[in-house]
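One structure below.
Start at 1 with the first residue, then count along the sequence. Every number for a ligand or one of its atoms is a count from 1 in the order of the listing.
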Amino acid sequence: MTNCYFNDLQNITMCELKKASSDIEGAVAWINFKYYGPVFEELLNRGIKIKLLLNDDGNNRRYTDIINSLCERGAKIRMVRYSGIMHHKFCVIDKRICLFGSFNWTDNANLRNIEDLNVCDEPSLVYKYLLEFEALWELSKTDIRNLRNPMKCANCDMPLLNIMFMEQEGDDQTKIDVMQQCDCGQNIIYTDYFDISVYNNYLGTIEQFDDYIADVQQSGDEIYYKQLISQQDFARSSYLSTVRNNRMGCPIIHATGIKAWRNFYKDDGEWYYKIIWRERGTESYIGAEYDIMV
Ligand SMILES: [Zn+2]
């Protein structure tokens, strides 16, 4: 369910923050730490993990002293500067509740502006915000710029995509290929072998939900079913996004895929590449599947 508010927004935000029982992850363009600093301090005293992204500018830098002291006490607070403003105003509490809307955590927004604030506990939405937070936390300014304006092929003028494919190789290895793809064709530009656990952990991440999902589907509990599907989706995306830490020699990996079988009729069919994860910002130029040309 989602509730929307138009008044008393600072109070509502602080009340929600104070209810946290494990962690807070927020990307909020501007925060007035004179007011929110004490709230964060109280949360840190209770052992709540705090991760915040702020826009890097003079408005936030006024509070550098408070921010530094919160960081010394365990909070992780980063000011980020992209080619545009980091204009988000969202926060996920305990991976369960999401606050979002036009409301910045400032005096102006609270007392003078016309703003909205939404408080949502719908897993499908909460997990999307969590993935957005993880992406912004893990990607650099250059990554974000390159993802928005991908390098183009000099020949066909289409984005030059680096897609990582993962498959089981024998009994104890995971084979990783990175394929570079544009309209001209496909090239394998990198191959490596990892422990089988890389592939098995991927399967495990998905399969741990399968039994529950099957049970809940039978019971007809639609809300719980949707929650599990969202949770599974989040777990898969979160696992696959670890490719940000090892980009196989590429400046960026745009997507991850596996070989899948497509049936035409009866026993006739063909293998194709099925995309199972897309990096943030690639939605407009990465397809759901690719033919195998090499
Ligand atoms: Zn090309």
**OP:** Would you kindly confirm whether I252 and V80 end up in one hydrophobic cluster when ILVMFWY residues are joined by side chain heavy atoms under 4.5 Å apart?
**Re:** yes

**OP:** Tell me the protein N, O or S atoms under 2.8 Å from the Zn ion (ligand 1), in chain and number order.
**Re:** C153 SG, C156 SG, C182 SG, C184 SG

Subject >> For F165, all residues meeting ring pair (Phe, Tyr, Trp, His ring centres under 6.0 Å), sequence neighbours excluded >> reply: Y273

Subject >> Set of ring pair (Phe, Tyr, Trp, His ring centres under 6.0 Å) partners for W277, sequence neighbours left out >> reply: none

**OP:** On the 0 to 90° scale, with breaks at 30° and 60°, tag the Y199-Y202 ring pair as parallel, tilted or perpendicular.
**Re:** tilted

**OP:** Under the salt bridge (Lys or Arg N to Asp or Glu O under 4.0 Å) rule, collect the residues that match up with R81, sequence neighbours excluded.
**Re:** D56

Original post:
Quick one: OG1 on T174 to CD1 on I176, what's the gap to the nearest 0.5 Å?
Top reply: 6.5 Å

